[in-house]
Amino acid sequence: MCGRISCHLPRDVLTRACAYRNRQGERRLPEWRDADKYCPSYNKSPRSSSPVLLSRLHFEKGTDSSERIIVPMRWGLVPSWFKENDPSKLPFNITNCRSDTIMEKRSFNVPLGKGRRCVVLADGFYEWKRCRGTYDRQPYFIYFPQTKSEKLGSIGAADSPEDWNKVWDNWRLLTMAGIFDCWEPPQGGDHLYSYTIITVDACKVLNDVHQRMPAILDGEEAVSKWLDFGEVSTQEALKLIHPTENITFHPVSSVVNSSRNDSVECLAPIDLSVQKELKARGCSHRMLQWLATKSPKKEDPKTPQKTESEVRQFLPKSPSSVKRSSAVLLEQWLKQEKEEEPVAKQLHSE
């Protein structure tokens, strides 16, 4: 599945990254529609607006279906047949679409029958791997392997967020197969364009991180066939939907867990071999020190002072050994710290 993506490039850079050749072999840049709705972000979540690539023929009748445009659309398909006046009342999330049931469900086979195929543009996507024996999840950033060049350099050379930010000028965008639809409020109003990302079984290299992955269109030919609904039938296009091994990934900071965080730190590589230390805030740090030294009972002077970790482990198991008010306060502080690093919720496909 795919529940979080990054697409941070400015509009003009994103346009150049999507250069293509039309049916006549002419080099072209896609034009934008509703460009003001595009908001670059390192951490896009469902219901946000993301840029998708599609055939111009969907918006301009009589044009060549090989010509392309970029349109910001809502992530999370709202089917054209949905009868409520508020799209947020849709009783299920359609952020992803399983390839094995794509022709069985009305939400997907109806827009597919109309040729509503699109390519979701992103720097890459995030996935969370469950850590064995715990409820913790380690986030990873997943993207196309990048071609080394004099300007780009090696991926491994970007060790800091500052260096990593410089790499993105020549970044190869991840191109994911999607389906879009157009919903019109029953009581009238602006049309809403939305999309879903098609998913497949994970490739071997990603299977250890997650069992599902987006259907990635690897190369200009695959992108062209998927978009050109005027020349390529649905049956032929669906042959492009399969796992690809041409993918790479690296672990990233848990800062990406919250969709409110939007910085290059979300996708900067981290070293998992480095021991993660708990960074207590000054106030809670002082409280721990106080509890470690101020006991209600007289301590043996030969007894060594307890460390913070020992205090954390000791307090919940022996609440009677310290003043009740101190223990309650400590638990409140620790609970607040834990809530600041929420585990990313997994979204479900229809």
Side-chain angles (χ1 to χ4, degrees), residues 1-3 5 7 30 32-35 37-39 44-61 63 65 67-122 125 175-200 214-217 223 225-230 232-238 240-241 347-350:
M1 67 174 297
C2 179
I5 62 177
C7 188
W32 283 77
R33 290 185 64 95
D34 299 324
K37 294 182 180 179
Y38 172 54
C39 182
K44 284 184 174 293
S45 58
R47 295 191 179 183
S48 64
S49 179
S50 299
V52 302
L53 201 61
L54 63 153
S55 170
R56 183 192 292 270
L57 184 57
H58 288 295
F59 284 83
E60 299 177 27
K61 300 300 181 183
T63 59
S65 59
E67 298 286 350
R68 304 175 188 177
I69 57 175
I70 301 177
V71 183
M73 292 188 184
R74 177 190 190 270
W75 183 10
L77 193 75
V78 179
S80 57
W81 46 261
F82 183 57
K83 299 303 181 182
E84 294 283 351
N85 206 52
D86 183 358
S88 66
K89 292 182 179 180
L90 193 67
F92 36 77
N93 295 318
I94 318 182
T95 55
N96 292 161
C97 161
R98 292 181 63 96
S99 60
D100 50 341
T101 59
I102 196 170
M103 296 304 295
E104 300 173 6
K105 298 187 177 182
R106 184 184 177 193
S107 298
F108 309 137
N109 60 34
V110 170
L112 266 179
K114 298 177 181 179
R116 290 179 172 174
R117 310 193 296 255
C118 65
V119 173
V120 182
L121 303 172
F125 70 99
T175 43
M176 299 175 285
I179 302 170
F180 77 94
D181 210 345
C182 178
W183 173 77
E184 183 178 358
Q187 298 178 7
D190 295 336
H191 292 190
L192 174 65
Y193 286 89
S194 59
Y195 73 90
T196 183
I197 297 175
I198 300 174
T199 64
V200 295
I216 296 170
L217 300 167
V223 170
K225 288 183 177 180
W226 181 253
L227 293 180
D228 194 356
F229 72 100
V232 182
S233 67
T234 299
Q235 290 72 22
E236 284 298 312
L238 288 177
L240 300 167
I241 305 303
L347 296 170
H348 300 285
S349 59
E350 181 186 37

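For the numbers below, each heavy atom of this structure counts, side chains included, while hydrogens, waters and symmetry mates do not. Residue numbers count from 1 along this sequence.
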Nearest-0.5 Å distance, [atom1] of residue [X] to [atom2] of residue [Y]:
X      : Y      : atom1 : atom2 : result
Ser99  : Ile198 : OG    : CD1   : 8.0 Å
Lys114 : Phe229 : NZ    : CZ    : 12.0 Å
Arg74  : Thr95  : CZ    : OG1   : 10.0 Å
Ser50  : Met176 : OG    : CE    : 8.0 Å
Tyr195 : Ser49  : OH    : OG    : 8.0 Å
Glu60  : Ser55  : CD    : OG    : 9.5 Å

Show every donor-acceptor pair shorter than 3.5 Å between a side-chain atom in residues 183-194 and any protein atom, with sequence neighbours excluded, or say none if there are none.
unit_1	atom_1	unit_2	atom_2	d
Trp183	NE1	Phe82	O	2.9
Ser194	OG	Val78	N	2.8

Counting C-beta onward and ignoring hydrogens, is there a side-chain heavy-atom pair between [X] and [Y] closer than 4.5 Å?
X      : Y      : result
Ile69  : Phe59  : yes
Trp226 : Val232 : no
Arg117 : Leu112 : yes
His58  : Val71  : no
Leu77  : Phe108 : yes
Ile94  : Lys105 : no
Pro79  : Val110 : no

Closest non-hydrogen atom pair between [X] and [Y], with its separation:
X      : Y      : result
Gly3   : Trp75  : C-CH2, 3.4 Å
Pro72  : Asp34  : CG-O, 3.3 Å
Ile179 : Cys118 : N-SG, 3.9 Å

Suppose we screen for side chain to side chain donor-acceptor pair (under 3.5 Å). Which residues come up paired with Arg68, at least two apart in sequence or across chains?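 Arg68 satisfies side chain to side chain donor-acceptor pair (under 3.5 Å) with Glu220, Ser224 only.
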Which residues satisfy the side chain to side chain donor-acceptor pair (under 3.5 Å) test with Glu84, sequence neighbours excluded?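 Residues passing side chain to side chain donor-acceptor pair (under 3.5 Å) with Glu84: none at all.
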Would you check if the side chain of [X] reaches a backbone N or O of [Y] as a donor-acceptor pair within less than 3.5 Å?
X      : Y      : value
Ser233 : Glu236 : yes
Thr196 : Asn96  : yes
Thr175 : Val119 : no
Arg98  : Asp100 : no

When you compare the side chains of Asp86 and Ser88, does any donor N or O come within less than 3.5 Å of an acceptor on the partner?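 Yes, because at least one side-chain N or O of Asp86 sits under 3.5 Å from a partner of the opposite role on Ser88.
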Do Ile70 and Tyr38 pass the side chain to side chain contact (heavy atoms under 4.5 Å, CB included) test, and can you show the C-alpha distance, the side-chain angles, and the key distance before you say yes or no? CA-CA 10 Å; Ile70 301 177; Tyr38 172 54; over 6 Å; no
